Colleague: 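Quick one: structure below, then a few questions.
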Amino acid sequence: MVQELKRVTHLDGWVELVEMGNTFHQAGPATQQMLAWWSALGATRGIDTSTLSLIGTLLRTAGFDPVHSTTHLVPLGSWGGRVGTLLAQDMLCGWPSMRPSLEAALGVSPAHFDAVLRDLEPEWKTHHTQYEIYCACGQQPDMEAF
């Protein structure tokens, strides 16, 4: 996909990628379970979620230069103010859509899924959980400059 972005980017143009990570800091058991399910579900579809943090490397490998990469730690849950509250809402609204896929692919019961989902928000508040978000931008080199 990154090679295709390079192909369609104008010389001297920029590509910016932002990926939600799969790394949680101060994660409790419910968060760890949700992450394990997410990774296992991705694996059933040929997706390696551990590569999300490597978007800067992917841009460099594709030939973008220069490349700038940053990792942002974002609070998760109401303890983190407006940003933490909004991120928690996004996750708590989106993750239920995984229930049917987890049931079909991994045999996770709806009751177990719902129990884990219920435990997330209080856990984030207690543990002060943080979440990694990855940003990278790279420039398509102007070959005439070489």
Side-chain angles (χ1 to χ4, degrees), residues 1-11 13-141:
M1 181 184 303
V2 176
Q3 285 294 338
E4 179 65 6
L5 290 171
K6 185 169 188 303
R7 187 187 71 77
V8 299
T9 301
H10 190 275
L11 296 178
W14 288 84
V15 169
E16 181 178 21
L17 303 174
V18 178
E19 286 292 338
M20 304 299 280
N22 67 343
T23 302
F24 293 81
H25 296 258
Q26 294 89 244
T31 304
Q32 291 171 9
Q33 178 62 75
M34 192 62 75
L35 181 57
W37 285 337
W38 170 254
S39 295
L41 184 59
T44 67
R45 297 174 178 184
I47 299 169
D48 181 0
T49 60
S50 69
T51 62
L52 296 170
S53 64
L54 303 176
I55 57 176
T57 301
L58 295 173
L59 288 173
R60 274 187 209 88
T61 301
F64 287 93
D65 184 43
V67 173
H68 306 281
S69 299
T70 57
T71 299
H72 298 277
L73 275 180
V74 181
L76 181 55
S78 60
W79 73 272
R82 179 173 160 68
V83 170
T85 298
L86 290 172
L87 181 57
Q89 286 175 350
D90 282 350
M91 289 184 178
L92 294 172
C93 287
W95 283 354
S97 66
M98 291 178 14
R99 184 185 298 114
S101 297
L102 289 172
E103 184 177 0
L106 305 177
V108 176
S109 76
H112 186 202
F113 181 88
D114 290 343
V116 170
L117 194 65
R118 245 187 333 272
D119 290 344
L120 289 172
E121 196 166 15
E123 180 179 285
W124 296 334
K125 185 175 182 178
T126 301
H127 292 275
H128 285 197
T129 303
Q130 294 180 310
Y131 183 63
E132 287 187 2
I133 297 176
Y134 312 108
C135 303
C137 60
Q139 187 174 27
Q140 169 75 295

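A quick note: this is a predicted structure, and the numbers were derived from the prediction, not measured.
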Colleague: Could you state the interatomic distance from CG (Leu73) to CD1 (Ile133), rounded to the nearest 0.5 Å?
Modeller: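 Atom-to-atom, Leu73:CG and Ile133:CD1 are 9.5 Å apart.
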Colleague: Considering only heavy atoms from C-beta outward, does the side chain of Phe64 approach that of Gln139 to under 4.5 Å?
Modeller: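 Phe64 does not reach Gln139 side chain to side chain.
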Colleague: Please report the interatomic distance CD(Glu19) to OG1(Thr71), rounded to the nearest 0.5 Å.
Modeller: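 That separation rounds to 12.0 Å.
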Colleague: Less than 4.5 Å apart, side chain to side chain, heavy atoms only: is that true for Leu92 and Trp124?
Modeller: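 Side-chain contact under 4.5 Å: yes.
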Colleague: If you apply the rule side chain to side chain contact (heavy atoms under 4.5 Å, CB included), what do you find for Thr129 with Leu120, and how did you get there?
Modeller: CA-CA 10 Å; Thr129 303; Leu120 289 172; over 6 Å; no
Colleague: Are the side chains of Pro29 and Glu123 in contact, using a 4.5 Å heavy-atom criterion?
Modeller: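 They are in contact (side-chain heavy atoms under 4.5 Å apart), so the answer is yes.
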Colleague: Are the side chain of Ser97 and the backbone of Gly94 linked by a donor-acceptor contact shorter than 3.5 Å?
Modeller: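 Side chain of Ser97 to backbone of Gly94, a donor-acceptor pair under 3.5 Å: yes, one is there.
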Colleague: Ignoring hydrogens, what is the shortest heavy-atom contact between Ala62 and Gln3? Give both atom names and the distance.
Modeller: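 Where Ala62 meets Gln3 most closely, the heavy atoms are CA-NE2, 3.3 Å.
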Colleague: What pair of heavy atoms forms the shortest contact from Gly56 to Ser69, and how long is it?
Modeller: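 Shortest heavy-atom separation between Gly56 and Ser69 comes out as CA-OG, 3.2 Å.
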Colleague: With the side chain counted from C-beta on, respond yes when Thr44 and Leu106 share a heavy-atom pair under 4.5 Å apart, and no when they do not.
Modeller: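 Yes, their side chains come closer than 4.5 Å.
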Colleague: Report yes if some heavy atom in the side chain of Val2 is under 4.5 Å from a heavy atom in the side chain of Thr61; otherwise report no.
Modeller: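 No - every pair of side-chain heavy atoms lies 4.5 Å or more apart.
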Colleague: For Leu76 and Thr31: C-alpha separation, side-chain torsions, deciding distance, then whether side chain to side chain contact (heavy atoms under 4.5 Å, CB included) applies.
Modeller: CA-CA 11 Å; Leu76 181 55; Thr31 304; 5.6 Å; no
Colleague: Take atom CH2 in Trp38; do more than 12 heavy atoms of anything else shown fall under 6.0 Å from it?
Modeller: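 Counting neighbours around CH2 of Trp38, 12 or fewer heavy atoms of other residues, nucleotides or ligands fall under 6.0 Å, so no.
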Colleague: First locate atom NE2 of His127, then atom CH2 of Trp79, and finally report the distance between them rounded to the nearest 0.5 Å.
Modeller: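 Rounded to the nearest 0.5 Å, the NE2-CH2 separation comes out at 12.5 Å.
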Colleague: For a quick test of reading the model, state the closest non-hydrogen atom pair linking His72 to Cys135 and the distance between them.
Modeller: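 Heavy atoms only, the tightest pair is CD2-SG, 3.6 Å.
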Colleague: Of the non-hydrogen atoms in Met34 and Met98, which two are nearest, and what is the gap between them?
Modeller: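 Result for this residue pair: SD-CE, 4.0 Å.
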Colleague: Do Ser53 and Glu132 get their side chains close enough for a donor-acceptor pair, meaning under 3.5 Å?
Modeller: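 Their side chains do not contain a donor-acceptor pair, so the 3.5 Å distance test is not met.
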Colleague: Which atom names give the shortest non-hydrogen contact between Leu117 and Pro96, and what distance separates them?
Modeller: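 Heavy-atom minimum between the residues: CD2-CG, 3.6 Å.
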Colleague: Give a yes or no answer on whether the side chain of Gln130 reaches the backbone of Gln26 with a donor-acceptor pair at less than 3.5 Å.
Modeller: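 Pair absent, no side-chain N/O of Gln130 close to backbone of Gln26.
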Colleague: Distance from Met20 atom CE to Met91 atom CE, nearest 0.5 Å?
Modeller: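 So the CE of Met20 and the CE of Met91 are separated by 5.0 Å.
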Colleague: Please check: side-chain N/O of Tyr131 versus main-chain N/O of Gly21, any donor-acceptor pairing under 3.5 Å?
Modeller: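 Yes: the side chain of Tyr131 pairs with the backbone of Gly21.
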Colleague: Ala30 and Asp119: which non-hydrogen atoms are nearest, and at how many Å?
Modeller: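 Looking at all heavy atoms of both residues, the shortest contact is CB-CB, 3.8 Å.
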Colleague: Would you mind telling me which of Ile55, Val67, Leu54 makes a side-chain contact (heavy atoms from CB on, under 4.5 Å) with Arg60?
Modeller: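 Option passing the side-chain contact (heavy atoms from CB on, under 4.5 Å) with Arg60: Val67.
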Colleague: Heavy atoms, side chains only, cut-off 4.5 Å: are Phe113 and Glu103 in contact?
Modeller: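 Not in contact.
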Colleague: Could you state the interatomic distance from OG1 (Thr49) to CG (Leu41), rounded to the nearest 0.5 Å?
Modeller: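 Nearest 0.5 Å value for the OG1-CG distance: 10.0 Å.
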Colleague: Just wondering, do Pro122 and Lys125 contact through their side chains at under 4.5 Å, heavy atoms?
Modeller: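 Heavy-atom side-chain distance check fails, nothing below 4.5 Å.
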Colleague: Between Lys6, Arg7, His10, which is the residue that forms a side chain to side chain donor-acceptor pair (under 3.5 Å) with Gln140?
Modeller: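 For Gln140, the side chain to side chain donor-acceptor pair (under 3.5 Å) test succeeds with only one of Lys6, Arg7, His10, which is Lys6.
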Colleague: To the nearest 0.5 Å, how far apart are CG in Leu59 and CH2 in Trp14?
Modeller: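 The CH2 atom of Trp14 is 10.0 Å from CG of Leu59, to the nearest 0.5 Å.
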